[in-house]
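Below is one structure; the comments refer to it alone.
This structure is a prediction, so every number in the text was calculated from the model and none was measured. Order of the sequence lines sets the chain letters (A, B, ...), proteins ahead of strands, with each chain counted from 1.
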There are 2 protein chains.
Amino acid sequence: MNRKNVTIQDIANTANVSKSTVSRVLNDSTPVDAKKRAAVLKAMKNLDFKPNVFARILAGGRSMTLGIVTQNIGSPFYDSVTMGVINGLADTGYSPIIADGQWNQERELVAVRTLIERQVDGLIMVGGNLDSSTLREACHGVPVVQIARYLEDCKERCICIDNVAAAKRATEFLIEAGHRNIAHIAGISDHEDSIDRLKGYQQALTDANIVVRDELIVQGDFSAQSGVLALETLLLRGVAFSAVFAANDEMAFGVRLALFRAGKRVPEDVSIIGFDDQPNSAYMIPPLTTVSQPALEMGAAASKMLVSAIAEKPFEIPMLPVELVVRESVTRLR
Amino acid sequence: MNRKNVTIQDIANTANVSKSTVSRVLNDSTPVDAKKRAAVLKAMKNLDFKPNVFARILAGGRSMTLGIVTQNIGSPFYDSVTMGVINGLADTGYSPIIADGQWNQERELVAVRTLIERQVDGLIMVGGNLDSSTLREACHGVPVVQIARYLEDCKERCICIDNVAAAKRATEFLIEAGHRNIAHIAGISDHEDSIDRLKGYQQALTDANIVVRDELIVQGDFSAQSGVLALETLLLRGVAFSAVFAANDEMAFGVRLALFRAGKRVPEDVSIIGFDDQPNSAYMIPPLTTVSQPALEMGAAASKMLVSAIAEKPFEIPMLPVELVVRESVTRLR
DNA sequence: CTGTTAGCGCCTTCAC
DNA sequence: GTGAAGGCGCTAACAG
C-alpha cells in the first residue's frame, strides 16, 4: 500500500546477509549460522518486519490461511464448532477463511474449491455431505480435518463423538427412571447423526426388552419448529407416551412448546431429553436434560489437529467428553 | 501447486495478444479493441482461467478479501450478524476472513491490524469498543463499515438501530398493559446498547409520569447467568414489581429461570420482555415478548454497503425494521 | 552453511 | 489501442 513495508531485502541489508539467509531463518528450512541468525532476528525485531503473505505464497510457500467449510450458518451447534475452530486458531499464526456449504453438496463443493483456490494450507469441514472421494479429489492433497462426521476411509482425521452410544445412554436414563413408552423425534432422515441416534434409541429399548414401536418415532429435521410438529403428530396418533427423546435440543424446545400449548406439564406428564446441550438448554423451563457434545472443544481440537498435520507432526485425538447433563425435565415414574 | 494453473500468459497466447491486453480486459482499466477483447474472453472461458489472487495483490491489485472483526464469538446476536455478513458476501466474489476482538480493545486492535496486514479490501466491525480515531488510523484508508454501534464521526458507515426508541417502545408496551412497577435489567454498564436501552426505559417511564426508581434497576452483563443473579438481587431488595424489561433476551431467559426457581409464575405474577428476538425466544415457556433486531439483515446490509464502498458506488442504508414481537410473557393487569 | 539466480502471476508505466 | 519491460516480496534450486 502507501506506507512502504520493510522487506526481507531491508533486513538482509541491515543484518549484512543475503535475502536467502533471511528467508531461511524465517522458515527455518535450512540451518543458519547462529550469529547471523541472531543478527537477522534482531533486525527483524528492530524494523518491525512482517512477511508479506501474498509474496510468500506466490513464491510457493504457505499461505498461513486455513479454510473452514460450514453448513447452514445459523445453527447453534455448528456455529459453536466453527467458533471453537476460530478460537483454536488464535495465536497459531493461521487465519481462517470461511465458506458456507448450506448442506448442499453442490455448494459445498464450490466452497471447497474456492478455498483451495485461495491456497489454504488446510481445510476443516464442519459437518457436510460430500462423499469422501470427491472431497479428497477437490483438495489436491491439502490436509483436511472433518468435524462432527465420521468418514470411514480417514478415521484419523475425524473429530466426532459416538452418537449411537450417547443416544443409547440418554434413552437408558429414561428407562431407568421407569419410562416404558418413550417417543423419539428423529432428525433429518439421511443425516448420519440422526441415523445413529435413532439406532442408539432402538438399541437401548431392545436391550431392556422393550419393543421398538414405529408409532412412537416421528421424523423431524433438527429445527425447533419441526419439534412442535412432531409432537403434534404424536398427539394426533393417540399413542401413549411418558417421555420424549429428541435428537437435538432445538427439537426438544419445540416439543416443550407443543406440550405447553397442549396443556401438558413437563416433567409431571411428559419427560423430555434432548441432545447437544446448547447454551440455552439450561434456561428452559424446566431446564432440559440433555447430552452435552463439546462443540467448542471439538472445533479447537480440529484446529490443533490441522495445524499439526500441516507441520507433519503427530497429533493425538483428545478424549471428547460426551456426558448426560441431568436437569429437571425428566421425572422418575412411581 | 502441482496442477499447472492457466495464467494470463496462456490465454494471451491462445488469443494472440499480449499479457498486458489480457490484464486490461481483466480489470477493464483501459479500452481494448472489441475483437481482441472477445477473443480474450473466449480464451478465458475455454481454458477455465481463474486469476491468481496472490499474484494480483502482490502486483498491487485487490485481494478480494474482506475482514470481519467480531467480539466474543459465541454470543447469539453477534454471531447472527456475522453470519449475515458471510451470507451477504456469497456470490460477490469476496471472501471473508474473521478475527475475534473478544470485547478487549487491545485484542481488537490486533485483530484489525492482522486483517489490514492481510490486505483486506475492506473491514466490517461487528460491535467493538475501539475509539474511532484509533480504528481509522489502524485501517490505513481501507473502508470500514460498523455494525451495531454508532460512531459519531462516520454515521454514514454505521448500521445500527435506534436502541433508545426501541427500548422506550418496549417499556411503553408494559405501561399500556397497566404495569407501574417495572424493573429493568441493564447490560454491561459502559456498553452503548445498555446505556441507550436504559435511557429508553427511563424516558418511557418519565413520559408516563412514573417515577424512575433506582431500586428497580439492576446491573447485568448480557449473559443469562447475570439475568438470574439480577432477579435474585431484585427479590432480595424486596421491592414490588409486576414486570421486568431485560436489556437482552439472554438475560430475560435468566430472569425467567430465577422466577421459576422462586415459584413465581410468568406472566401471571411477573411479566417479562426481552430484546433481540433471538431464535429461541419464541420457544421459551411462555414464549418471550421481545424486540426484534434483524441481525442477519444487518450483517447482509453491511456486506453490501462495504462492497459498494470499495467500488466507490453509493449505497443507501436500508430501513432496518425493529419491531416489538408480542408473545405470551406479558399479561395485562386488572 | 551461504550467496546468486530465477522465477511465482499479475499490474503498470512507457514507448510505439 | 497495444506490446515490451520492470517489479511487487518471497522461495527454491543451484553452485560454491
Side-chain angles (χ1 to χ4, degrees), chain A residues 1-41 43-44 47-65 93 116-121 140 310, chain B residues 1-41 43-44 47-65 93 116-119 121 140:
Chain A
M1 305 266 91
N2 38 12
R3 210 236 308 247
K4 235 184 202 158
N5 280 309
V6 334
T7 75
I8 55 171
Q9 185 59 268
D10 299 329
I11 89 112
N13 294 153
T14 83
N16 272 321
V17 294
S18 72
K19 288 197 314 181
S20 327
T21 303
V22 178
S23 173
R24 277 165 194 136
V25 344
L26 207 51
N27 311 285
D28 53 29
S29 45
T30 313
V32 169
D33 177 80
K35 282 187 182 171
K36 301 206 173 188
R37 170 186 216 78
V40 168
L41 253 20
M44 299 212 290
L47 300 182
D48 189 32
F49 167 76
K50 312 215 164 148
N52 179 316
V53 191
F54 300 90
R56 172 176 275 187
I57 185 171
L58 185 56
R62 310 244 100 110
S63 68
M64 297 310 282
T65 304
I116 294 296
E117 222 165 74
R118 291 213 167 225
Q119 317 256 30
V120 292
D121 294 336
H140 291 293
I310 293 172
Chain B
M1 309 261 87
N2 39 13
R3 208 238 305 250
K4 240 185 200 157
N5 280 309
V6 333
T7 75
I8 55 171
Q9 185 59 267
D10 298 330
I11 89 113
N13 294 153
T14 81
N16 271 320
V17 292
S18 72
K19 288 198 310 181
S20 327
T21 303
V22 178
S23 174
R24 278 167 193 134
V25 344
L26 207 50
N27 312 285
D28 53 30
S29 45
T30 312
V32 169
D33 177 82
K35 280 185 180 170
K36 301 205 172 185
R37 169 184 217 78
V40 168
L41 254 21
M44 298 213 290
L47 300 182
D48 188 31
F49 167 75
K50 312 212 166 151
N52 179 318
V53 192
F54 301 90
R56 169 176 279 188
I57 185 172
L58 186 56
R62 308 244 103 109
S63 69
M64 296 312 281
T65 305
I116 294 296
E117 221 166 76
R118 290 209 169 228
Q119 317 256 29
D121 293 337
H140 290 293

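- Each of B:K19 and A:K19 was assigned the nucleotide of DNA chain D with the nearest heavy atom; the assignment lying further toward the 5' end belongs to B:K19.
- Residue contacts for A:S29: at a heavy-atom cut-off of 4.0 Å it reaches no nucleic acid atom on any strand shown.
- Taking atom CZ of residue A:R62 and atom C1' of nucleotide D:dA12, one finds them 14 Å apart after rounding to whole Å.
- At the heavy-atom level, A:T7 lies under 4.0 Å from the strands shown only through sugar-phosphate atoms.
- At the heavy-atom level, A:K36 lies under 4.0 Å from the strands shown only through sugar-phosphate atoms.
- Across all non-hydrogen atoms, the minimal contact from A:V120 to A:S63 is CA-OG, 3.7 Å.
- Contact between the side-chain N/O atoms of B:N27 and the OP1/OP2 oxygens of C:dC11 is found at a separation under 4.0 Å.
- Checked against D:dT2, D:dC10, D:dG7, the side chain of B:A59 finds its nearest nucleotide in D:dG7.
- Distance CZ (A:R56) to C1' (D:dC10): 8 Å, rounded to an integer number of Å.
- Set against D:dT11, C:dC10, D:dG9, the side chain of B:I8 has C:dC10 as its closest nucleotide.
- Atom pair A:D33:CG and C:dT2:P shows a separation of 5 Å (rounding to whole Å applied).
- Using a 4.5 Å cut-off on side-chain heavy atoms (C-beta onward), A:I8 and A:F49 make contact.
- Between the side chain of B:N27 and the backbone N or O of B:R24 there is no donor-acceptor pair closer than 3.5 Å.
- Atom P of nucleotide D:dG1 and atom CG of B:N16 are separated by 20 Å, given to the nearest angstrom.
- Using a distance-only test at 3.5 Å, with no hydrogens or angles considered, no donor-acceptor pair links the side chain of B:D28 to the main chain of B:V25.
- Taking atom CZ of residue B:R37 and atom P of nucleotide D:dT2, one finds them 10 Å apart after rounding to whole Å.
- In this model, the phosphate group of D:dT11 is approached by a side-chain N or O of A:S23 to a distance below 4.0 Å at OP1 or OP2.
- Judged by atom type and distance alone, B:R24 reaches the base of D:dG3 through a side-chain donor-acceptor pair under 3.5 Å.
- As rounded to whole Å, 20 Å separates atom C1' of D:dG7 from atom CZ of B:F54.
- Straight-line distance from the NZ atom of B:K50 to the C1' atom of C:dC8: 19 Å, rounded to whole Å.
- For B:T30 and D:dG1, the shortest distance from a side-chain N or O to OP1 or OP2 is not below 4.0 Å.
- Taking atom NZ of residue A:K35 and atom P of nucleotide C:dT2, one finds them 12 Å apart after rounding to whole Å.
- Heavy atoms of B:S20 sit under 4.0 angstrom from at least one base atom.
- The CZ atom of B:R118 sits 7.0 Å away from atom CZ of A:F54, with the distance rounded to the nearest 0.5 Å.
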